[in-house]
Amino acid sequence: MSTRPGELLGSSTLADAAAGHASRSLWAQAARRFRRNRAAMGSIFVLGLIAITAILVPMFWPHGIEDASWEKILAPPSFDDWHWFGTDANGRDLLVRVFYGGRISLTIGLLTTMVALVIGVTYGALAGFIGGRTDGFMMRFVDVMYSLPLLFFVIILVTVFGRNIYLVFVAIGAVEWLTMSRIVRGQTLTVKGKEFVESAVAIGMSRRSILARYIIPNVLGPVVVYVTLLIPTNIVIESYLSFIGLGVQEPLTSWGLLISQGSGQLDSAPWLIFFPATFLAITMFCFNFIGDGLRDALDPRDR
Amino acid sequence: MSAFILRRLLIAIPTLIVIATASFFLMRAAPGGPFDAEADLEPEVLENIRAAYDLDKPLLEQFRIYVSNALQGDFGPSLVYKDFSVTELVAIGLPVSIKLGVWAMLVALLLGGLAGIIAALRQNRFIDHAVMAMAMTGIAIPSFVVAPILALFFGLYLRLLPVAGWNDGAWQNMVLPVTALALPQVAIIARLIRGGMLEVLRSNFVRTARAKGLPESQVVIAHVLRSAMIPLVGYLGPALAGIMTGSLVIELIFNLPGVGRYFIQGALNRDYPLVMGVVVIYASLIILLNLLSDLAYAALDPRVRRAYR
């Protein structure tokens with residue numbers, strides 16, 4: 001929970017690889033390497049399946065997420081009456097709740113990562129471009145934030161401003177941009193000093209085309225890798241908050257909340273924790289495999 | 001080295017100031033005051049209460065009082081646990097949390113270290129892949145999933161260990177929470193040690209050690225491990241921070257009377273002084289431990305010092 005995925009990433013530079021080739025061939029090579037990675041390709045398939053079922057199943061399933069049936073309280077999984085995953089303490093169908101919770105968990109994972117992406121990329125790119133004393137000051141600020149136990153701050157924010165699902169987005173996103181800004185800033189600095197940028201300046205390319213053609217493509221690689229590792233981290237943070245009762249609130253649900261409810265009824269109804277925990281774990285594995293695959297594909301020197 | 005210490009201190013001090021400031025002003029920005037529920041109070045009584053808590057003074061003056069009290073270890077009274085001050089609650093919970101955390105740390109270092117060493121020495125063999133797969137599982141599955149499953153399996157099915165409770169820290173009650181708390185760190189430490197060992201195993205001084213005829217066990221223990229352990233020293237700070245945050249849910253799941261349980265109860269009941277007090281104390285602890293871990297790291301590895309310049 002405490003490790004930020006970027007720490008395991010190191011500061012990889014694609015700049016060297018890009019120096020000799022057009023950027024398109026670099027991406028084509030990376031795509032080829034990625035497609036050969038079976039674990040990563042399989043993960044994309046499984047993740048897609050989970051996402052699609054999370055969207056579709058609650059629409060067409062015979063039970064709604066709040067349909068309680070008093071005759072079927074804590075019914076074990078069975079194929080009768082479409083309770084494939086069993087029912088919870090209120091007689092609600094677990095399968096539809098797991099898929100509905102998946103919608104919320106995945107959405108929160110994606111949106112919080114977007115918040116972190118926007119803040120982190122803007123901050124890091126600005127620091128890297130401006131350089132000098134401003135850069136030093138901006139990065140010292142990141143150092144200061146970095147040594148804070150950020151989860152505690154998310155908890156403070158949620159405590160003080162109420163348990164609002166949108167606040168959870170902002171709170172998680174607002175504390176998880178630090179590594180992103182470091183990666184982007186480091187990458188920007190490295191690329192800025194490369195000969196191919198110098199030669200582009202020498203032949204009179206405009207700042208904007210240099211940015212679009214050289215800087216952004218080279219900064220993008222590590223960012224993409226970090227994003228795929230940040231999504232699962234944020235899903236876990238959301239689950240953690242929901243687990244302790246500070247995240248998603250009933251009648252909405254998420255994997256974390258389902259796991260929390262299931263952990264209270266372990267002995268009488270173990271399926272209540274089994275299904276949401278399995279979906280959460282599979283999702284974690286998939287994102288991690290994809291992240292590792294992307295890193296290997298984009299930066300082969302690490303292998 | 002002294003320049004490095006100075007630099008790190010220059011980061012640690014503003015961090016503490018940021019924590020104190022942010023927690024104080026967030027607390028004051030909270031919608032609704034702590035005495036809103038008692039709406040029938042006479043205006044004079046309310047005035048007296050506000051004066052007793054210094055709420056009638058200007059905000060900056062309140063901040064000054066808060067900081068000077070906090071520096072003396074006084075974080076005010078808890079709003080929910082009547083008759084207890086925040087400091088007293090932390091003093092009650094801290095021994096439990098520390099005992100849990102220290103044991104988890106020891107287990108993580110021992111198991112993680114051992115697994116990492118074995119994996120590195122048998123690189124690309126079956127045992128290496130098995131260790132790395134388990135490490136990935138440990139990183140992918142959060143502790144609040146592992147903990148209930150452990151309780152279910154060892155507590156309810158096998159009836160080997162108590163499902164929950166503290167029982168004055170009897171070892172039977174410690175096993176499951178410590179395991180659940182240590183597992184994610186075991187995974188990370190195993191990866192770290194394996195990576196460090198693989199790098200060192202290929203280096204010239206190890207080849208020299210082998211060439212001069214040292215037995216392999218001595219090469220590994222005296223030469224490889226010594227260098228491979230260094231990154232671990234730098235990770236000790238973050239690991240402790242991870243254990244401290246992980247401890248919140250573990251104490252909740254196993255119903256242990258540590259700081260984490262008070263903290264979460266406080267957060268759920270909007271007991272602002274308690275939440276802020278715990279955050280300030282834990283954050284200071286984490287920063288201090290991070291600082292120590294970084295300093296030790298820099299003392300052992302001169303490259304780190306240079307990178308900081």
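To find a chain, count down the sequence lines: A is the first, B the second, and so on, and within it residues start at 1.
Ranked by heavy-atom pairs shorter than 4.5 Å toward chain A, the options Val145(B), Leu268(B), Leu291(B) are led by Leu268(B). Taking Ile273(A), Ile155(A), Asp292(A) one by one and counting their heavy-atom pairs under 4.5 Å with chain B, the maximum is reached by Ile155(A).
Between Leu289(B) and Leu236(B) the shortest side-chain heavy-atom distance does not fall below 4.5 Å. Side-chain contact check for Val142(A) versus Met138(A): every heavy-atom pair is 4.5 Å or farther apart. For the pair Tyr123(A) and Phe141(A), the minimum side-chain heavy-atom distance is below 4.5 Å.
Contacts between residues 278-288 of chain A and chain B, counted as heavy-atom pairs separated by less than 4.5 Å, involve Leu280(A), Ala281(A), Met284(A), Phe285(A), Asn288(A). For residues 36-47 of chain A, a heavy-atom distance under 4.5 Å to chain B picks out no residue at all.
In this structure, Glu199(B) places its CD atom where only 12 or fewer heavy-atom neighbours from other residues, nucleotides or ligands lie under 6.0 Å away.
For chain B, no part of Ser260(A) is nearby; none of its heavy atoms comes within less than 4.5 Å. Heavy-atom distances place both the backbone and the side chain of Thr137(B) under 4.5 Å from chain A. Looking at Leu252(B), only its side chain comes within 4.5 Å of chain A, counting heavy atoms on both sides. Both the backbone and the side chain of Ile244(A) have a heavy atom closer than 4.5 Å to some heavy atom of chain B. Looking at Phe274(A), there are no atoms closer than 4.5 Å to chain B (heavy atoms on both sides), in backbone or side chain. Using a 4.5 Å cut-off between heavy atoms, Val249(B) touches chain A through backbone and side chain atoms alike. Contact annotation for Pro270(A): only side-chain heavy atoms (C-beta onward) come within less than 4.5 Å of a heavy atom of chain B. Of the atoms belonging to Ile141(B), it is side-chain heavy atoms, and not backbone ones, that fall under 4.5 Å from chain A.
Side-chain atoms of Glu238(A) do not come within 3.5 Å of backbone N or O of Ser105(A) as any donor-acceptor pair. With Ser97(B) contributing its side chain and Val259(B) its backbone, the two residues share a donor-acceptor pair below 3.5 Å.
Between Glu251(B) and Arg261(B), the shortest heavy-atom distance links the atoms OE1-N, 3.1 Å. Of all heavy-atom pairs spanning Leu230(A) and Ala116(A), the tightest one is CD2-CB, 3.8 Å. Here the closest non-hydrogen pair linking Thr113(A) and Val227(A) is CG2-CG1, 3.9 Å. Closest heavy-atom contact between Ser143(B) and Pro148(B): O-CD, 4.3 Å.
In this model, no donor atom of one side chain and acceptor atom of the other lie less than 3.5 Å apart for Thr112(A) and Glu176(A).
By the 30° and 60° cut-offs, the orientation of the rings of Tyr66(B) relative to Phe75(B) is perpendicular.
A ring-centre distance under 6.0 Å is not found for Tyr297(B) and Tyr235(B). A centroid separation of 6.0 Å or more is found between the aromatic rings of Trp271(A) and Phe85(A).
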